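Before I ask anything, here is the structure I am working with.
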Protein chains: 2
Amino acid sequence: MPPPRKSEAPAFIRSTADFARHVGLARTTVSRVLNGQPGLKQKTIDRVQKALAETGFTPNAHALHLKGKRTSMIGICVEDLATPPALRKLAMLQRVLRARGFSSLIEVCTPGAGRDVVRHFQSLRVEGVVFIGHFLREEIEARIAELNAHGTPHVVVDHFGLRNAHTVALDRAAGMAAVVEHLLDLGHRRFGLLGIGKGPVSRIDRPTGVQAALRGRRLDPATCTVTLDHLHERKNDFDFGRRLAASFVALPDRPTAFLGLNDEIAIGAQRGFQEAGLRVPRDLSVTGFNNQDICQMTSPTLTTVDQGIEATVEAAAELLLAQLGKPLPARPVVRTIVPRLVLGESTGPVRG
Amino acid sequence: MPPPRKSEAPAFIRSTADFARHVGLARTTVSRVLNGQPGLKQKTIDRVQKALAETGFTPNAHALHLKGKRTSMIGICVEDLATPPALRKLAMLQRVLRARGFSSLIEVCTPGAGRDVVRHFQSLRVEGVVFIGHFLREEIEARIAELNAHGTPHVVVDHFGLRNAHTVALDRAAGMAAVVEHLLDLGHRRFGLLGIGKGPVSRIDRPTGVQAALRGRRLDPATCTVTLDHLHERKNDFDFGRRLAASFVALPDRPTAFLGLNDEIAIGAQRGFQEAGLRVPRDLSVTGFNNQDICQMTSPTLTTVDQGIEATVEAAAELLLAQLGKPLPARPVVRTIVPRLVLGESTGPVRG
DNA sequence: GGTATAAACGGACAGCTGTCCGAGAAAAAG
DNA sequence: CTTTTTCTCGGACAGCTGTCCGTTTATACC
């Protein structure tokens, strides 16, 4: 369509100038109304408000920001939008930020794409960036260095052990320790690890918690734990758990309790054992991790660990927003969230 | 901190001017490099590129847009971030849009908040808005009218029957008809409806499909279907299904097949029946809707209906992006997606 | 070393906003 | 009707970008 002449009403109202023409006032007058400045006749104010309600006109946020207004946008990097716990964090973070007046720019960050994503956030002059999930270590560290160079605050959720990164991380060791102690109390002494590596990587990793709980009872982790992860392609899903269970069924001196890396694996394993004719928790116990909705939907319901997502996200938001305006803290802040054991029907005493 | 003097290097590089000072070139020269204009010495180009890589500087996207560059942002209104199917749509939509060079601005749109959300999108001059999920009818219609007034394209996903709204909707009637026909083939003649209302609202609603399938076999929907929804607080979740099942167990002339509104309800019902000592599918059949991951995790696995989320989202993106630039089509476009029956172990022949 | 050419410089402008300010118009007061 | 007060008008500016263009400086050629 041809561009409308200055005198005509434009096809769409895109600027304050357009809007002022539509109302029949000067642009500056309209602007004063919009910004609540004094010295205006009530009648004029009403006229503008009415047109505002009718047309739904909004000043160009980009121009506002150019004038110095805050963007009130937070960039969120998520590793993918398929992992339920990550999604729950995302959803809650969005809510928390929204409540504090920020809008969320969400981008999925596949390996290698982090650079572009963060650049995009920077170009939009977001006020902070949150990383949720696990990323390549070098990549995320490079991103954070870039953010620091621009004075942009950041928080990393659930990726522990990064240098110079403000982090909120779940103490998975504490969660696993609680699970193991619960099972020890029930008399279990041999544990099958499903997707949980044997060697601890950091002080808050799952294997650390398993070992700590066992050592606390003067038990040797090496002899008390068994893993068959190497037998199957590792996928961390339902089917992986089921295949692991099938392998464990035939094992001589089979463990009596099975610790799943997550709920999917645990439920898969539970299913696998049931298909082999074993009963849970009569013949063996199974535990998960994350406390997803599905834990309540299986039979038996699953004993699992609740991440305390709310606490995690609250801490992350607080940590991020505390950096706004202030110069960045010299040393990285690390906050740890302690999860909570959730008892289900899938754990029971060792059959004597 | 005090504002740096013009001559000094600024604390952070925020503008092309800052960046040019940092490199030691004129702002215009840098700008020419950034935009690939000819007539520049290779040495100069390299110098700028190097500094660019080192500092990670990005031109202010807001200023770019002010100069006429597209924002490449799509606003997405989602009813909540808890419903798994809605989340899957969101995740895939994000991916599809990203592949076409758009970034997604995601906002949760609780009843009554739609106005602010859409205003916010408008103020950011998004190029289009997608609504995912179910909203209050008047509210979403008002929002769409506002968008039209500004020439902003839109697409509504999964909210059928709106006037003047471009829509992509799942033909739930076809899905339910497929389910019912499958069960009819297995010999079932009495159907328990779990969370599915009896009266159809639109031609693609679930009850419509149930009735159509029954009438297709000369059966009377009124006598073939039973619902006990009124006995329980309606929540559309696992527990609702379980409570419904408990009520059905005691019912004289109990149906032999149960149709769940969604997978959660179906799995809850399945669990409820199992707790009452009934076996699925030997004693009765159960079906869900949505084909969520959990359907494969229950025992027996659930017969359900796949939404064809990929097709839905592709259609939505296509419909939205087709409107870009062009004047808005006078008549609303409605595209219907036909879902697909997914057989599980929860359905079987009527026990003779 | 002188000149022709290539390249960088730097001022100006538009795009949209909010704010300031002097000038002009409308309303109120006398 | 005149004077005073109260509003509105409209031009200017900054904020950041890309582009244009005339000017100055650096490079290359002879």
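Predicted model only: the values in this text are computed from it and were never measured.
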Legend entry - Per B/P59 side chain, nearest of listed nucleotides D/dG18, D/dT8, C/dC9: D/dG18

Inset, instruction - Using a cut-off of 6.0 Å, state whether more than 12 heavy atoms not belonging to B/E139 lie near its atom CD. - result: yes

Inset, instruction - Look at all strands and tell whether B/T16 reaches a base, only sugar-phosphate, or nothing, counting heavy atoms closer than 4.0 Å. - result: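 B/T16: backbone/sugar contact only, no base atoms under 4.0 Å.
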
Inset, instruction - Write down the atom of B/A165, the atom of B/V156, and the distance for their closest heavy-atom approach. - result: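 So the minimum-distance heavy-atom pair works out to CB-CG2, 4.1 Å.
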
Legend entry - Atom-to-atom span, CG of A/L34 to C1' of C/dT19 - whole angstrom: 13 Å

Inset, instruction - From the options B/R95, B/K89, B/R100, select the one residue that forms a salt bridge (Lys or Arg N to Asp or Glu O under 4.0 Å) with B/E314. - result: B/R100

Legend entry - Distance in angstrom units between B/R21 CZ and C/dC9 P, rounded: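 Spelled out: CZ on B/R21 to P on C/dC9 is 13 Å.
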
Legend entry - Side chain of B/T29 - closest among C/dT19, D/dT17, C/dA8: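 In terms of side-chain proximity for B/T29, the closest of C/dT19, D/dT17, C/dA8 is C/dA8.
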
Legend entry - B/K67 side chain, from C-beta outward: closest of C/dG15, D/dG10, D/dC21: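 The answer is C/dG15.
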
Legend entry - Minimum heavy-atom distance between A/G114 and A/C109, given as atom pair plus value: CA-SG, 3.4 Å

Inset, instruction - Quick one: label A/S31 by what it contacts on the DNA or RNA (base, sugar-phosphate, nothing), any heavy atom closer than 4.0 Å. - result: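 Since a base atom lies under 4.0 Å of A/S31, the category is base.
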
Inset, instruction - Take the protein atom CG of A/L66 and the nucleotide atom C1' of D/dC13, then report the distance between them rounded to whole Å. - result: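 Rounding to the nearest Å, CG of A/L66 and C1' of D/dC13 are 13 Å apart.
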
Inset, instruction - Examine the side chains of A/E127 and A/T152 and answer whether a donor and an acceptor come within less than 3.5 Å of each other. - result: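 No - no donor-acceptor pair under 3.5 Å links their side chains.
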
Inset, instruction - For B/R125 and C/dG15, give me the distance from atom CZ to atom C1', rounded to whole Å. - result: 12 Å

Inset, instruction - Could you tell me whether B/G68 contacts a base, only the sugar-phosphate backbone, or nothing, with contacts defined as non-hydrogen atoms closer than 4.0 Å? - result: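 Result for B/G68 = nothing.
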
Legend entry - Nearest listed nucleotide, side chain of B/R27, among D/dT19, D/dC9, C/dT17: D/dT19

Legend entry - 5'-most by nearest nucleotide on DNA chain C - B/A63 or B/G24: B/G24

Inset, instruction - Would you indicate whether the side-chain heavy atoms of A/V23 and A/R47 approach each other to under 4.5 Å? - result: yes

Inset, instruction - Starting from P on D/dT19, measure out to CG on B/L40 and report it in whole angstrom. - result: 12 Å

Inset, instruction - Could you state the atom-to-atom distance from CG of B/L25 to P of D/dA26 in whole Å? - result: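 After rounding, the reported distance stands at 13 Å.
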
Legend entry - Rounded distance (Å) that lies between atom P of C/dC16 and atom CZ of A/F57: 10 Å

Inset, instruction - Give one of base, sugar-phosphate or nothing for A/S15, where a contact means two heavy atoms less than 4.0 Å apart. - result: sugar-phosphate

Inset, instruction - State whether A/Q37 places a side-chain N or O below 4.0 Å from either non-bridging phosphate oxygen (OP1 or OP2) of C/dG18. - result: no

Inset, instruction - Quickly work out the B/Q42 CD to D/dA28 C1' distance and round it to whole Å. - result: 18 Å

Inset, instruction - Have a look at A/K41 and say if it touches a base, only the backbone sugar-phosphate, or nothing, with a 4.0 Å heavy-atom cut-off. - result: sugar-phosphate

Legend entry - 5' priority, DNA chain C, between A/T58 and B/T44 [closest heavy atom]: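 Its nearest nucleotide being more 5', the pick is B/T44.
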
Inset, instruction - Tell me which nucleotide among C/dG11, D/dG18, C/dC16 gets nearest to the side chain of B/T28. - result: C/dG11

Legend entry - Nucleotide nearest A/N60 (side chain, heavy atoms from C-beta), chosen from D/dG18, C/dC16, D/dG10: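 Nearest nucleotide to the side chain: C/dC16.
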
